[in-house]
**Q** 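Take a look at this one; I'll ask things after.
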Amino acid sequence: MTRKRPAGPGGGEAPGTAVDGPEAGGAPVRDGGEAAAPAQPPCRDPVAEVVVDIAAQDVDRVFHFLVPPELAGRLQVGHRVTVPFGPRRVEGTVVGFAPVPEVPPERLRPILALRDPIPVLTPALIDLARWMEERYLCLFVQALRAMLPPGARGDRVSPAPRRWVRLAVDPAEARARARELAGRAPRQAAVLERLARSGAAGGLPQAFLLQQAAAGPEVVKALERKGWVVVEERLPVLDEPAAAAEPAGPPPPLTPEQAAVWRKLEPALRAAGSGDDPGAGGTAPGRPQEGDQGSPASTRAGEPAGAPPPRCGAGVPAPAGGGAAPQAFLVHGVTGSGKTEIYLRAIAAVLARGQGAICLVPEIALTPQTVARFRARFGNRVAVLHSAMTPAQRLATWRAIRTGTKPVVVGARSAIFAPVPRLGLIVVDEEHETSYKQEETPRYHAREVALARARLEGAVVILGSATPSVETYHRALAGELGLLELSRRVGERPLPAVELVDMREEFEAGHRSIFSRRLLELMRQRLEAGQQVLLFLNRRGYHTVLLCRECGFVLRCPHCDVSLTFHQLASGRLVCRCHYCEHRQVPPATCPRCGGVALHPFGLGTQKVEEAARQLFPGARIQRMDADVTARRGAHEAIYRQFAAGRIDILIGTQMIAKGWDVPGVTLVGVVSADTALHMPDFRRQERTFQLLEQVAGRAGRGSDPGQVVIQTYSPDHPCLQAVADHDYRALFDLESAARRELGFPPFGHLIRAVVAGAERPPVERAAARLAAAWRAALAEAGVEGGSVTPAAPAPIERLRGRWRWHVLARAADGPALREATRAALASLRPHWPRDVLVQVDVDPYSML
DNA sequence: AGCACGCCGACT
DNA sequence: GTCGGCGTGCTC
Ligand SMILES: [Zn+2]
Ligand SMILES: [Zn+2]
């Protein structure tokens, strides 16, 4: 009954196979390592709990491995290791220890090697991965992977695949054998032929080779048996750490309003991570995982407080605050009110207490200017995590963070996982930005992860925005976040006047130009006065909508209330369909609201606007700035420089001109059309329109001139645009809140979207229908309040990367219950689920494409 | 007989 | 995510 597998024979342990041994990279790293992971005592438990780096449902759990003698007392939670797994070796992460194995001792196999001398993840991050698993319905290992530095990751991301195949005979002989085999073993022949053709003495990666020869692994096995090829394993290596630091810089004085905000923030910062919060109660740190198996005696990261005497390798040192109420704040500050100075002070305060901080900024705002601001204050204690860095740079930076050398981290979304040792503060600037949502698995939102991580580590969170997301402001009103208002701009500069131009009147008057008469007139004035004009255009949506030119009407889905998009089918038929559900209808010939006949597709590109502008202002220097133009490296900066130097009269652009921090102000901003934003097929459309337009409006104003904003629209009476005209965030919030409450959208309900994808359409369609049925049944079974599931429907992007895609949306009032029912539905489907059809689950979806 | 392929379960 | 084992059905 024992299937013992002696490691040696047949298995071909090639000499080049050696992985980093325990000795690898000894001395220099250890000092830093100790400083970095202060709370981890050496561990003497004989069994390590390891999660292997394989993203598959049935191995997504802890496996026990023997701690080999050379690692005893050195191995820590968070270490990356190589372990034997079935017939091969895989990478994995140590997530805990146990005094006794969960399997009979003879089945225990030893850890083969340490991959990196420093524990790559902190115990707190491993707790966070558990939280993500529950919150985003992803695999535990997917959450862990999202946290790993590039290069430490195994599998496909690593520089070299594991298995390589090379010829054991010379290419000429291989070709001869291939010819012999061509008749009865065509696959083997193809493999030999491909190897002979490659000419590389080292051979080819097995995965690549098999794909090229369209063969399965048994083909290589057969050739190996015949002694014509050799199979061997090769592993990538990690490199070494970075240097030390020194501080810099003085702080400017605060305005009275900033000072008031600071007075509320400062006590919380003083309590951060100390566990002496007045509210410290008995709440366990991470919400205990449902279905969390493993021997009760085992120790893992994030052992709930109150468990038996902490064993070695246990989680965060008494997860700070002992589970105190989250110390989280929303700084709602209008543009130019000095939020950044508040962040900088807060960071300085935690640094002074020997703690670290993470500051998230949207990718688009991670400019040299932004970085300079942090460096001016904190010198080389600042680490910047940037997507444009090479893997080697990223890894070096990451090490400096992990060892505590650089306690201030500035970066975009994924910087939320920076392994800062004693985390005291997380700042999420522009918290409403949708770029904080990751659009691939694990589909997390960095703001939500920030709040969870801060809770686990006892850190303070500061969310900042001039136009907070409805979700966040709702929490602030509910008292979950401390609401701190900065309503005055530094220097008391007034906000620009906003004027709405009714494009229906233009239509009626027979003016079919992109520019209204009013906008043209103002442009002319400003240009004559030698001033600059900014024209803003919403990025063209993925699809267009039908818009009535006479009254501004747009078709909406009767179930979901989002705009229907307009399509011409291959057959020539026209349809309008919902991005959320299965609803579709024939476009009406006349407008259902006004009866007019001007119901046409609506959409505008930057090129069109540029053409029109050139025609109307032949003498003006006009520059377009959109994704096409800025694709060239440096184009972005070059255009800004030209604009700042006054060498451009009219700048035409999309989102990016609104979001850069460093664009010089102009006296006239023209929004060519607010309607693309206003009619996005998205339940957040009003919030997003407001945010976008407020941000664009923020570009207006130069010197003492507050500037002027003109917004063209077919819906000038729309309350969302009225709110923009009044710069009234609260009005927008009330409006959007009411709409979402009505329909059970966040924050008044929760959404989960599932995409079913596969190479063939019929099985995908069938699987999606099964999913919808099982999901509906699970919600009913659990009696989830307000639970509903749409019928399966083709996703708005029905074909993507060679796959057919269908989707299903579920909605319910209670988030945890909805997730639980979703888990149950997915589990119930597992038995006969086709292997080549995959399900992508998106909790709190932003994009429905 | 030998080979290829698809389907399943196991991996500590 | 891969591997081996097994059953099926094909070709020389
Ligand atoms: Zn719908
Ligand atoms: Zn109409």
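Reminder, nothing fancy here: chain letters follow the sequence lines and each chain counts from 1.
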**Q** What nucleotide, of B:dA4, C:dG1, B:dC3, holds the atom closest to the side chain of A:R145?
**A**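 The closest nucleotide is C:dG1.
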
**Q** Could you state the atom-to-atom distance from CH2 of A:W833 to P of B:dG9 in whole Å?
**A**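 Roughly 18 Å, once rounded to whole Å.
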
**Q** So which nucleotide from C:dC3, B:dT12, B:dA4 ends up closest to the side chain of A:R88?
**A**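 Looking only at heavy atoms from C-beta outward on A:R88, the closest nucleotide is C:dC3.
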
**Q** Which nucleotide sits closest to the side chain of A:F65: B:dT12, B:dA4, B:dC11?
**A**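 That would be B:dT12.
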
**Q** Can you measure A:R835 atom CZ to C:dT2 atom P for me and round it to whole angstrom units?
**A**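 Rounded to whole Å, this separation is 12 Å.
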
**Q** Between A:V90 and A:D53, is the side-chain contact (heavy atoms from CB on, under 4.5 Å) condition met? List the steps.
**A** CA-CA 7 Å; A:V90 297; A:D53 245 8; 5.6 Å; no

**Q** Under 4.0 Å: is that the gap between some side-chain N or O of A:Q57 and OP1 or OP2 of C:dG1?
**A**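 The answer is no; no side-chain N or O of A:Q57 sits under 4.0 Å from OP1 or OP2.
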
**Q** Flag yes if more than 12 heavy atoms outside A:Q393 fall under 6.0 Å of its CD atom; otherwise flag no.
**A**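 Atom CD in A:Q393 is packed in, count exceeds 12.
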
**Q** Starting at atom CD of A:E218, determine the distance to atom P of C:dC6, rounded to an integer number of angstrom.
**A**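 Computing the A:E218:CD to C:dC6:P distance gives 15 Å.
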
**Q** What's the closest nucleotide to the A:D58 side chain, out of C:dG4, C:dG1, B:dT12?
**A**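 Comparing C:dG4, C:dG1, B:dT12 against the side chain of A:D58, the answer is C:dG1.
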
**Q** Which residue lies toward the 5' end of DNA chain B, A:F63 or A:A185, if each is placed at its nearest nucleotide?
**A**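 Of the two residues, A:A185 wins.
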
**Q** With respect to the phosphate group of B:dC11, does any side-chain polar atom (N or O) of A:R107 fall under 4.0 Å of OP1 or OP2?
**A**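 A:R107 to B:dC11 OP1/OP2: side-chain N or O found under 4.0 Å.
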
**Q** Whether A:K226 contacts B:dC3 is assessed here as follows: a side-chain N or O lying under 4.0 Å from the phosphate OP1 or OP2. Is that the case?
**A**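 It does, given that an N or O in the side chain of A:K226 lies less than 4.0 Å from OP1 or OP2 of B:dC3.
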
**Q** With a 4.0 Å cut-off, would you call A:R761 and A:E798 a salt bridge?
**A**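 Answer for the salt bridge query: yes.
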
**Q** Within this structure, what is the NE2-to-P distance between A:H832 and B:dG6, rounded to whole angstrom?
**A**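 Spelled out: NE2 on A:H832 to P on B:dG6 is 20 Å.
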
**Q** In terms of side-chain geometry, is the basic nitrogen of A:R130 or A:E133 positioned less than 4.0 Å from the acidic oxygen of its partner?
**A**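 Yes, charged N to carboxylate O under 4.0 Å.
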
**Q** Checking contacts here: which listed nucleotide (C:dG1, C:dC3, B:dC3) is nearest the side-chain heavy atoms of A:V59?
**A**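 Of all the options, the side chain of A:V59 is nearest to C:dG1.
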
**Q** When the distance from CG of A:L139 to P of C:dG1 is rounded to whole Å, what number comes out?
**A**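 It is 9 Å, rounded to the nearest whole Å.
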
**Q** Between A:K221 (NZ) and B:dC3 (C1'), how many Å, whole number?
**A**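 One finds 16 Å between C1' of B:dC3 and NZ of A:K221, rounded.
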
**Q** What is the distance, rounded to the nearest whole Å, between atom CG of A:D53 and atom C1' of C:dT2?
**A**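 Going from CG in A:D53 over to C1' in C:dT2 covers 14 Å.
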
**Q** If you check every side-chain atom of A:I54, which of B:dC8, C:dG1, B:dT12 has the closest atom?
**A**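 Per side-chain heavy atoms of A:I54, the pick is C:dG1.
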
**Q** With a cut-off of 3.5 Å and sequence neighbours excluded, list every side-chain donor-acceptor pair involving residues 842-849 of chain A.
**A**
| from | atom 1 | to | atom 2 | distance (Å) |
| --- | --- | --- | --- | --- |
| A:D842 | OD1 | A:K437 | NZ | 2.8 |
| A:D844 | OD2 | A:R135 | NH1 | 3.4 |
| A:D844 | OD2 | A:R135 | NH2 | 2.7 |
| A:S847 | OG | A:L849 | N | 3.3 |

**Q** Send over the distance from A:E224 CD to C:dG4 P, rounded to a whole Å.
**A**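 In whole Å, C:dG4 P and A:E224 CD are 9 Å from each other.
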
**Q** Closest approach to the side chain of A:V219, judged atom by atom: which nucleotide of C:dC3, B:dA4, C:dG1 is it?
**A**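 Of the candidates, B:dA4 comes closest.
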
**Q** Between A:F85 and B:dC11, do the rings stack, that is, sit under 5.5 Å apart with planes less than 30° off each other?
**A**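 The ring of A:F85 is stacked on B:dC11.
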
**Q** Please determine whether any donor N or O and acceptor N or O are separated by less than 3.5 Å between the side chain of A:R89 and the base of C:dG1.
**A**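 In this structure, the two groups form no donor-acceptor pair.
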
**Q** Would A:R399 and A:D116 pass as an ion pair if we require N to O under 4.0 Å?
**A**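 Yes, this pair counts.
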
**Q** Please tabulate, one pair per line, each protein N/O and nucleotide N/O from nucleotides 7-12 of chain C that are separated by under 3.5 Å, including the distance.
**A**
none

**Q** Any carboxylate oxygen within less than 4.0 angstrom of a Lys/Arg side-chain nitrogen, looking at A:R197 and A:E193?
**A**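 Judged by the 4.0 Å cut-off on N to carboxylate O distance, A:R197 and A:E193 do not form a salt bridge.
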
**Q** Can you see whether A:F85 has A:R89 sitting over its ring - NZ or CZ less than 6.0 Å from the centre and within 45° of the normal?
**A**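 No, A:R89 does not lie over the aromatic ring of A:F85.
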
**Q** Base, sugar-phosphate or nothing for A:A56? Non-hydrogen atoms, less than 4.0 Å.
**A**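 A:A56: base contact, heavy atoms under 4.0 Å.
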
